[in-house]
Number of protein chains: 2
Amino acid sequence: MHTVAARAGVSIASASRVLNGLGGSAETVRKVREAAAEVGYVPNAIARSLQSQRTGLVALAVEDIGNPVYVAMMRAIEAVVSESGRQLLVHQTSASIGGEVALLQRLAHRYVDGMIMSPIRITESHTRALLDSPVPVVVIGQLPDDVAVDNVRTDSRTGVALAVGHLHEAGHRRIAFINGPLDTVPGTARDAGFRTALVKHGLNVEEDLIEVGDFQYAAGRAAIERLLDRGRPDAVVCANDLIAAGALHGLLARGLRVPHDVALVGMDDTELAQMSFPQISSVSLGSAERGRLAARLLVERIADPTLPARREQVAPHLVIRASSQAVAG
Amino acid sequence: MHTVAARAGVSIASASRVLNGLGGSAETVRKVREAAAEVGYVPNAIARSLQSQRTGLVALAVEDIGNPVYVAMMRAIEAVVSESGRQLLVHQTSASIGGEVALLQRLAHRYVDGMIMSPIRITESHTRALLDSPVPVVVIGQLPDDVAVDNVRTDSRTGVALAVGHLHEAGHRRIAFINGPLDTVPGTARDAGFRTALVKHGLNVEEDLIEVGDFQYAAGRAAIERLLDRGRPDAVVCANDLIAAGALHGLLARGLRVPHDVALVGMDDTELAQMSFPQISSVSLGSAERGRLAARLLVERIADPTLPARREQVAPHLVIRASSQAVAG
DNA sequence: TTGTAAGCGTTATCAC
DNA sequence: GTGATAACGCTTACAA
């Protein structure tokens, strides 16, 4: 920039103005543009950030970058973020509480203009760090009601109920459930949703039909083995698609037909559900939509930090595919 | 920082020194630490970057963030990068040439300290932008020999040959191939590898047994339909695991058994291959290893930009699973 | 319209 | 050991 100004024979301020499209006489503009082109001038993003107090970066913190549900969210977020002229910085938290809180605290360094976070556990230290953050944060997921932070949520209790209702309607009565950890927010919500839904349909809650693992493929595969060892269910609801894929393959490995012998419903409606055989019915929790909304909220808040905390809700819906379709016997 | 210095009653310079752990009398150190704690001082990353001329950020540009092969690479890269105290910025290029080149040119803004890029096409403008880049770039993938840029590659020709050899040895003779676009670097390499391998085993190259689509699941599914319509092959080699999963499901949908009726081998050895049923044999191209190496090269080069361009090679190997395992008849 | 100069929050180089 | 002071590369009042 210094060089450009010198080369164009104008002050450094004039050069800056021209390069930012503000004023300047035709002659000055020409000279500066020329000089800039000659030396291949490119503005320094850091210096500009120091001045403007913004980095043009937005962070996304997710637990597991390999989970297709986060891939879908990430895509939606990326679209909004890059449309707003910013770039996305992705963090993987591995669901470590210390790590997530440390990440929130690091925001004080102001290396990003904002963050979208989807924690699966919310602790006291999370909420404190969230409220203390000098940089806007949008949380995707359930958040205590009194925490005034922008928040996008869905209702996975209702989501599980949709799955149970669908299976019940298809005539299934021994409905099993493979859940993720109960000490996570989605884990508890889905557990409650399952139990409530069973009762609502006049079914007993049999603990033998409920399995808990983590939210991974291998856990689904292991859980279905245990369920089958205790007696075959008519149908299985899984707390996410990764678990559902594991369960599906466990069933197939035992020579069972899906949906003929056992029907299956997953959750999150990810690509994985469509990339399975048979394709897996899945409760969509609107992950792309949640991502999009969260990104919008964040962009708006960065533009106007005085906005009151907002809360968006995305309704779940069931996508029925072959794994739970009624079939001729 | 200004505030901290004032509060501690020392100069701003002394405060900076203490906070960076350089010298200071016991008394000064105490006062500064105290003042910093009281006001909750956190250093500003941007200002620090402006001074140090580095951002502590490393970018990764991949074509498709949803492809499990990139997820594996990303994980490996993230590990090395964060161990070096830096953070990872992920870009999705959607394989757009203009986008990739623009990304390389944007490096001149110095918003990151370096970049790892895995382009599937390499054009003249790529190599020019690569060589012009003022910021270190490591390329994962084939690069023209005369381009002096750090590079990590594998040998997917040999990889395809491993697959063909394995299938041939198992007695398969009508071996089909589902490839990605021929105008991509991996596409051409795999095509050449397939043809060469067939010849080496004394088989004819039948164009009818070669299908081309993109590197996605749906393309694999569509391609296998076309192949089956023309007459069933004994075995199918797929240019990646996404294609292989699509092909697998196409076969199953036609009521064919894998590997009994048709054997199948994928490529990249991703989680998807293990999360399929039956599990898919796959040629590992060492994606995690390539990611790790690339990240190491980048970290080294950032530390010492004068290093000569280096080239690392990762050998492919075949991972045999159920989809190509010999089975009792 | 243009130039001078202050400032963004740090770090680093000096004298002292 | 410590404190001025000059960078880092840019934007932006303010004055000319």
Side-chain angles (χ1 to χ4, degrees), chain A residues 1-36 38-57 85 105-113 134-135 302 305, chain B residues 1-36 38-57 85-86 106-113 134-135 302 305:
Chain A
M1 167 104 231
H2 190 72
T3 324
V4 172
R7 199 166 179 117
V10 301
S11 79
I12 192 171
S14 297
S16 171
R17 273 184 224 111
V18 170
L19 266 11
N20 287 306
L22 315 167
S25 69
E27 178 64 2
T28 310
V29 170
R30 190 189 56 69
K31 284 190 296 184
V32 172
R33 289 253 168 81
E34 208 160 85
E38 280 170 23
V39 302
Y41 170 79
V42 176
N44 180 305
I46 305 169
R48 189 171 269 187
S49 290
L50 182 59
Q51 170 71 26
S52 65
Q53 300 291 23
R54 36 193 52 187
T55 61
L57 253 34
Q105 288 167 343
R106 247 189 287 160
L107 288 177
H109 295 203
R110 301 183 160 280
Y111 67 106
V112 291
D113 295 340
V135 162
I302 290 172
Chain B
M1 166 103 231
H2 189 73
T3 323
V4 172
R7 202 170 177 113
V10 300
S11 79
I12 192 171
S14 297
S16 172
R17 271 184 227 110
V18 170
L19 266 12
N20 286 305
L22 315 166
S25 70
E27 178 62 2
T28 312
V29 170
R30 192 188 55 70
K31 284 190 298 185
V32 172
R33 290 255 167 80
E34 209 161 83
E38 281 170 23
V39 302
Y41 169 79
V42 175
N44 180 306
I46 305 169
R48 190 172 268 186
S49 289
L50 182 59
Q51 171 68 28
S52 65
Q53 300 292 20
R54 38 192 52 187
T55 61
L57 253 35
R86 280 171 259 253
R106 248 189 286 161
L107 288 177
H109 295 205
R110 302 184 160 279
Y111 66 106
V112 291
D113 296 340
V135 162
I302 290 172

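So that the names make sense, note that chain A is the first sequence line, chain B the second, and so on, each numbered from 1. Values below: every heavy atom of this structure, side chains too, minus hydrogens, waters and symmetry copies. Nothing here was measured: the structure is a model prediction, and the numbers come from that model.
- Between the axis at the start and the axis at the end of the helix from dT1(C)-dA16(D) to dC16(C)-dG1(D) there is an angle of 50°, using five pairs per end and rounding to 10 degrees.
- The stretch residues 46-55 of chain A comes close to DNA chain C through Leu50(A), Gln51(A), Gln53(A), each having a heavy atom under 4.0 Å from the strand.
- Both His2(A) and Ser25(B) sit near DNA chain D, but only Ser25(B) has its closest nucleotide nearer the 5' end.
- Arg48(B) contributes atom CZ, which lies 8.0 Å from atom OG of Ser16(B) (distance to the nearest 0.5 angstrom).
- Residues that satisfy the side-chain contact (heavy atoms from CB on, under 4.5 Å) test with Ala108(B), not counting sequence neighbours, are Val42(A), Pro134(B).
- The side chain to side chain donor-acceptor pair (under 3.5 Å) check on Gln53(A) picks up nothing, with sequence neighbours excluded.
- Listed in residue order, the members of residues 7-22 of chain B having a heavy atom less than 4.0 Å from DNA chain D are Val10(B), Ser11(B), Ala13(B), Ser14(B), Arg17(B).
- Interatomic distance, OH of Tyr111(B) versus CG of Leu57(A), reported as 9.0 Å (0.5 Å rounding).
- For Leu50(B), the side-chain contact (heavy atoms from CB on, under 4.5 Å) partners at least two apart in sequence or on another chain are Ile46(A), Ala47(A), Leu50(A).
- Remark: Arg30(A) engages Glu27(A) in a salt bridge, criterion side-chain N to carboxylate O under 4.0 Å.
- Between Thr28(A) and Arg17(A), every side-chain heavy-atom pair lies at or beyond the 4.5 Å cut-off.
- Bracketed by its first and final contacts, the part of DNA chain C lying under 4.0 Å from non-hydrogen atoms of chain B reaches from dG9(C) to dT13(C) in 5' to 3' order.
- Here Arg54(A) pairs with nothing under the salt bridge (Lys or Arg N to Asp or Glu O under 4.0 Å) rule; sequence neighbours left out.
- The shortest non-hydrogen separation linking Val4(B) to Val32(B) is CG1-O, 3.9 Å.
- For Arg33(A), the side-chain contact (heavy atoms from CB on, under 4.5 Å) partners two or more places apart in sequence, or in a different chain, are Val18(A), Val29(A).
- Judged as a side-chain contact (heavy atoms from CB on, under 4.5 Å), and not counting sequence neighbours, Ala6(B) has no contacts.
- Proximity of Val135(A) to Arg110(A): side-chain heavy atoms (C-beta onward) are separated by under 4.5 Å at one or more points.
- Qualifying salt bridge (Lys or Arg N to Asp or Glu O under 4.0 Å) partners for Arg7(A), counting only residues two or more places apart in sequence or in other chains: Glu38(A).
- The footprint of chain B on DNA chain D, defined by a heavy-atom cutoff below 4.0 Å, extends from dG1(D) to dG9(D).
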